[in-house]
Amino acid sequence: MSRYFIIFFFLLSSIITNAQDPVVIIDKMQAVLRTINRSTFDLYSKERFGSEYLKKKMRFRMQESPKKVYFKDIDEGVELLYVKGWNSDKGYINPNGFPWINVSLSIYDSKVVEENHHTIMDVGMGFVIELLRGFENSVKKYGKDRSTLYTYKGSVNWNGKDCHKIEMVPPVTFKYINYTTKEDIYLFDLARKLVASDYLIKEKNNISYTRKIRKGTTLSVPTTYAKKVIVYVEKKSMLPLAQFLYDERGLFEQFEYFNFNAKPTFQSNEFTTDCKLYGF
């Protein structure tokens, strides 16, 4: 084997290895996500409630900051409009059914979140960034390199798109432990503080989003958001188009993005009840 061939083979191997380095892929993905403020997409979810799974097809038009969200349940026709600071910070809802009038409810109200693990505050790619930040902070906490968090699992074809398959496993065993609150706090804020699933805390302790958890309350909380996360990152756009999250019982959340547009053209009256794209 010639010396030049050896050098060429080494460089080629280096390029291929780098292209499949999960940390490099995740960094590129996060760089893309940070540029996205407005987006439109269809989101197909599969979430576990008790021992059963609920599947939903949803359509979103949204802005990350300040938060503006239009949501439509594709199957049921229910619509929700939320604009931070508008309508007393409540969601404006077209139930497309009884009571046959539009209503205003807190986005944390049980009627709004009863068929979802998440509130609309988690909608969009901003939540993916928050989740990754929490995982990587936990790696630092345990004195490990962030590369230990990610494993490259090869390529996968998803919805006709060529994707990287990345597995994320936090550096701590997934289990439930007792946690005593150090301040009065709401479930959403507690979950963000612990980097844990608000739904799993809600389910385990039978509490609601709207109930203020008093200082000194002992709860059973998971040690990390998930036992394992699988994400499909499209090679062309570097967007995480499919996410699968597992706990000790198996899959508990699955999210798939379709028709994602990171540079949508919005109407002049977008995110108002006068927008003709909506049914209010």
Side-chain angles (χ1 to χ4, degrees), residues 26 29-30 33-34 45-50 64-65 67 84 89 106-110 112-150 166-231 240 243-255:
I26 291 297
M29 182 191 77
Q30 291 193 81
L33 296 187
R34 291 191 187 98
S45 67
K46 179 181 178 180
E47 299 175 319
R48 192 184 68 219
F49 293 85
E64 294 280 359
S65 181
K67 200 77 170 185
K84 184 175 177 59
D89 229 27
S106 166
I107 58 174
Y108 302 107
D109 190 281
S110 60
V112 178
V113 298
E114 64 181 350
E115 293 186 344
N116 297 280
H117 280 191
H118 297 270
T119 73
I120 60 170
M121 296 305 289
D122 289 339
V123 174
M125 295 298 180
F127 177 68
V128 178
I129 294 177
E130 288 297 317
L131 188 60
L132 288 174
R133 182 181 295 121
F135 279 168
E136 295 198 353
N137 284 340
S138 68
V139 168
K140 293 178 183 178
K141 177 181 177 181
Y142 287 90
K144 296 185 178 181
D145 189 271
R146 64 190 290 252
S147 63
T148 62
L149 179 62
Y150 308 109
I166 307 293
E167 180 182 79
M168 291 178 273
V169 178
V172 58
T173 300
F174 183 95
K175 62 181 180 179
Y176 286 88
I177 60 174
N178 288 334
Y179 174 85
T180 302
T181 56
K182 300 174 178 58
E183 58 189 335
D184 289 353
I185 194 169
Y186 286 103
L187 173 59
F188 179 86
D189 297 316
L190 175 63
R192 292 299 167 274
K193 180 178 180 179
L194 299 177
V195 194
S197 165
D198 32 15
Y199 175 77
L200 292 181
I201 298 175
K202 177 175 177 281
E203 180 184 52
K204 195 76 170 179
N205 299 277
N206 193 29
I207 55 179
S208 69
Y209 279 107
T210 54
R211 169 190 158 190
K212 180 176 285 188
I213 305 168
R214 296 301 180 185
K215 177 181 178 181
T217 301
T218 299
L219 302 170
S220 181
V221 303
T223 51
T224 183
Y225 191 93
K227 181 178 180 179
K228 177 179 71 175
V229 178
I230 298 291
V231 60
Q243 302 147 28
F244 310 86
L245 298 94
Y246 300 81
D247 63 3
E248 83 287 4
R249 294 166 55 193
L251 179 74
F252 77 95
E253 292 181 344
Q254 176 178 317
F255 304 107

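Just so it is clear, the values below take in all heavy atoms, side chains as well, and ignore hydrogens, waters and symmetry mates.
- In plain terms, the two heavy atoms of Phe188 and Asp122 that are nearest each other are CE1-OD1, 3.7 Å.
- Atom NZ of Lys202 is separated from atom OG of Ser110 by 8.0 Å, given to the nearest 0.5 angstrom.
- In plain terms, the two heavy atoms of Ile213 and Tyr186 that are nearest each other are CD1-C, 4.4 Å.
- Atom CE of Met168 sits about 13.0 Å away from atom OG1 of Thr148, to the nearest 0.5 Å.
- Using a distance-only test at 3.5 Å, with no hydrogens or angles considered, a donor-acceptor pair links the side chain of Thr181 to the main chain of Gly216.
- A pairwise comparison of heavy atoms in Tyr176 and Ser220 identifies CB-OG, 3.5 Å as the closest pair.
- Under the 3.5 Å distance criterion, the side-chain polar atoms of His117 are matched with a main-chain donor or acceptor of Arg48.
- By the neighbour-count criterion of 12 heavy atoms within 6.0 Å, atom NZ of Lys140 is sparsely surrounded, having that number or fewer from other residues, nucleotides or ligands.
- The pair Glu64-Lys67 meets the salt-bridge criterion, with a side-chain N (NZ, NE, NH1 or NH2) lying under 4.0 Å from an Asp/Glu carboxylate O.
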### Query
Given Val112 and Tyr209, is the side-chain contact (heavy atoms from CB on, under 4.5 Å) satisfied, shown in steps?
CA-CA 11 Å; Val112 178; Tyr209 279 107; over 6 Å; no

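- A 4.5 Å side-chain heavy-atom check between Lys193 and Glu183 finds at least one atom pair inside the cut-off.
- Between Leu200 atom CG and Asn205 atom CG the span is 10.5 Å, to the nearest 0.5 Å.
- Side chain of Thr224 to backbone of Phe174: no donor-acceptor contact under 3.5 angstrom is found.
- Counting all heavy atoms, side chain and backbone alike, Asp247 lies closest to Phe252 at N-CD2, 3.5 Å.
- With values rounded to the nearest 0.5 angstrom, Gln254 atom CD is found 10.0 Å from Glu47 atom CD.
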### Query
So Lys46 and Leu251, side-chain contact (heavy atoms from CB on, under 4.5 Å) or not? Walk me through it.
CA-CA 9 Å; Lys46 179 181 178 180; Leu251 179 74; 4.3 Å; yes

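- The two residues Val113 and Ile107 come nearest to each other via the heavy atoms CG1-O, 3.4 Å.
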### Message
Run Tyr225 and Glu253 through side-chain hydrogen bond (donor to acceptor under 3.5 Å, both in side chains) and show every step you take.
### Response
CA-CA 11 Å; Tyr225 191 93; Glu253 292 181 344; 3.3 Å; yes

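- When atom types are taken as modelled, the side chain of Thr223 and the backbone of Thr173 share a donor-acceptor pair closer than 3.5 angstrom.
- Using a distance-only test at 3.5 Å, with no hydrogens or angles considered, a donor-acceptor pair links the side chain of Gln243 to the main chain of Pro240.
- Formation of a donor-acceptor pair under 3.5 Å by the Asn116 side chain with backbone atoms of His118 is not found in this model.
- Here the NZ-CD distance, from Lys175 to Glu248, works out to 12.5 Å after rounding to the nearest 0.5 Å.
- Note that the OH atom of Tyr108 and the CG atom of Asp89 stand 8.0 Å from one another [nearest 0.5 Å].
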#### Entry: Audit row: Leu131, Leu245, side-chain contact (heavy atoms from CB on, under 4.5 Å) steps and yes/no
CA-CA 11 Å; Leu131 188 60; Leu245 298 94; 4.1 Å; yes

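- None of Ile207, Asp189, Leu190, Leu187 except one satisfies the side-chain contact (heavy atoms from CB on, under 4.5 Å) rule with Asp198; the exception is Leu187.
- Ion pairing between a basic and an acidic side chain is recognised when a charged N comes within 4.0 Å of a carboxylate O; Asp184 and Arg214 show such pairing.
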### Task
Could you give me the CA-CA distance, side-chain angles and deciding distance for Ile166 and Met29, then say whether side-chain contact (heavy atoms from CB on, under 4.5 Å) is met?
CA-CA 11 Å; Ile166 307 293; Met29 182 191 77; over 6 Å; no

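- Scanning both residues, Asp145 and Ser147, for their nearest heavy atoms gives OD1-OG, 2.6 Å.
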